[in-house]
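Read the structure below first, then the notes.
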Amino acid sequence: MHEIGIANEILAAGMQEVARHPGSWLVRIGVRVGELSGVDRAALDFAFAALTKGTSLEAVRVEIETVARRARCRGCGLEFESQPWGAHCPGCGSLDNVLIAGDELDLRYIEVEEP
């Protein structure tokens with residue numbers, strides 16, 4: 001389950017931010033996960049819980065935003081939510097489109113609190 005490695009790296013990034021602000025503590029982390037990223041949201045939630053249980057990070061809130069797959073038609077420029085079984089442009093019917101969202105795995109924010 002590669003979600004444990006991903007969660008571990010995200011928590012490490014959070015701890016690096018805490019280290020930049022002596023005396024602070026990690027409060028919240030935001031992550032964006034695309035439908036096509038290959039990351040299972042439930043497994044990522046579980047990984048965060050498993051890695052933080054019984055530690056000083058147990059109270060950290062992790063907010064995971066799921067990003068739908070979106071495409072842009074090269075013919076007419078329309079942006080649309082694409083389906084897994086085909087990506088006909090709803091504007092002109094073209095199959096000539098490019099994926100513009102849905103494959104990302106982004107660390108959106110790290111929130112620390114200072115005394």
Side-chain angles (χ1 to χ4, degrees):
M1 179 162 76
H2 68 285
E3 285 81 1
I4 290 176
I6 292 167
N8 193 48
E9 289 298 316
I10 291 169
L11 290 170
M15 294 311 296
Q16 286 176 346
E17 189 63 25
V18 167
R20 291 175 11 118
H21 304 277
S24 67
W25 58 92
L26 190 57
V27 176
R28 191 167 59 146
I29 298 175
V31 181
R32 291 181 68 196
V33 178
E35 289 179 346
L36 301 173
S37 68
V39 176
D40 182 283
R41 181 183 174 144
L44 189 57
D45 274 332
F46 177 81
F48 279 118
L51 290 171
T52 60
K53 186 172 177 82
T55 73
S56 62
L57 299 176
E58 193 167 11
V60 173
R61 288 189 329 226
V62 178
E63 298 176 353
I64 302 172
E65 174 189 350
T66 302
V67 180
R69 67 188 106 212
R70 293 192 54 79
R72 179 182 305 114
C73 178
R74 290 184 179 157
C76 70
L78 180 69
E79 293 183 7
F80 59 96
E81 193 167 317
S82 64
Q83 303 301 319
W85 56 85
H88 283 46
C89 173
C92 70
S94 173
L95 284 172
D96 188 14
N97 56 63
V98 61
L99 184 71
I100 59 170
D103 62 347
E104 55 270 273
L105 176 58
D106 299 326
L107 181 57
R108 291 276 305 205
Y109 58 85
I110 299 171
E111 183 179 317
V112 298
E113 201 164 294
E114 297 185 26

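Note: hydrogens, waters and symmetry copies are ignored here, and every other heavy atom, side chains too, is used. None of the values given here were measured: they were computed from a predicted structure.
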Just how far is it from atom [atom1] of [X] to atom [atom2] of [Y], taken to the nearest 0.5 Å?
X: Arg41; Y: Leu44; atom1: CZ; atom2: CG; result: 9.0 Å
X: Leu78; Y: Asn97; atom1: CG; atom2: CG; result: 10.0 Å
X: Phe48; Y: Arg61; atom1: CZ; atom2: CZ; result: 14.0 Å
X: Ile100; Y: Phe80; atom1: CD1; atom2: CZ; result: 8.5 Å
X: Ile29; Y: Leu11; atom1: CD1; atom2: CG; result: 5.0 Å
X: Glu35; Y: Ser82; atom1: CD; atom2: OG; result: 8.0 Å

What about [X] and [Y], same hydrophobic cluster or not, with Ile/Leu/Val/Met/Phe/Trp/Tyr joined at side-chain heavy-atom distances under 4.5 Å?
X: Met15; Y: Trp25; answer: no
X: Ile64; Y: Leu26; answer: yes
X: Val67; Y: Val31; answer: no
X: Leu57; Y: Leu107; answer: yes

Any side-chain donor paired with an acceptor under 3.5 Å for Ser94 and Arg74?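 Looking only at side-chain atoms, Arg74 and Ser94 do not form any donor-acceptor pair under 3.5 Å.
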Please name the residue in the list Arg108, Arg32, Arg28 that meets the side chain to side chain donor-acceptor pair (under 3.5 Å) test with Glu63.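 Option passing the side chain to side chain donor-acceptor pair (under 3.5 Å) with Glu63: Arg28.
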Residues Glu81 and Arg69 bridged, charged N to O under 4.0 Å: no
With heavy-atom distances below 4.5 Å as the criterion, would you say the side chains of Val112 and Val27 are in contact? no
Counting C-beta onward and ignoring hydrogens, is there a side-chain heavy-atom pair between Ser37 and Asp103 closer than 4.5 Å? no
Side chain to side chain donor-acceptor pair (under 3.5 Å) pairs touching residues 5-22, sequence neighbours excluded, are Glu17-Arg20, Glu17-His21, His21-Glu114
Side chain to side chain contact (heavy atoms under 4.5 Å, CB included) between Arg70 and Leu99: does it pass, once the steps are laid out? CA-CA 6 Å; Arg70 293 192 54 79; Leu99 184 71; over 6 Å; no
Minimum heavy-atom separation for Gly23 and Pro115, please, with both atom names. O-CD, 3.3 Å
Could you pull out the closest heavy-atom pair between Arg72 and Gly77, with the gap in Å? CG-O, 3.7 Å
Verify side chain to side chain contact (heavy atoms under 4.5 Å, CB included) between Val33 and Asp106, making sure each step is shown before the conclusion. CA-CA 7 Å; Val33 178; Asp106 299 326; over 6 Å; no
Has the side chain of His2 got a donor or acceptor atom that lies under 3.5 Å from a matching backbone atom of Gly38?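 At least one qualifying donor-acceptor pair exists.
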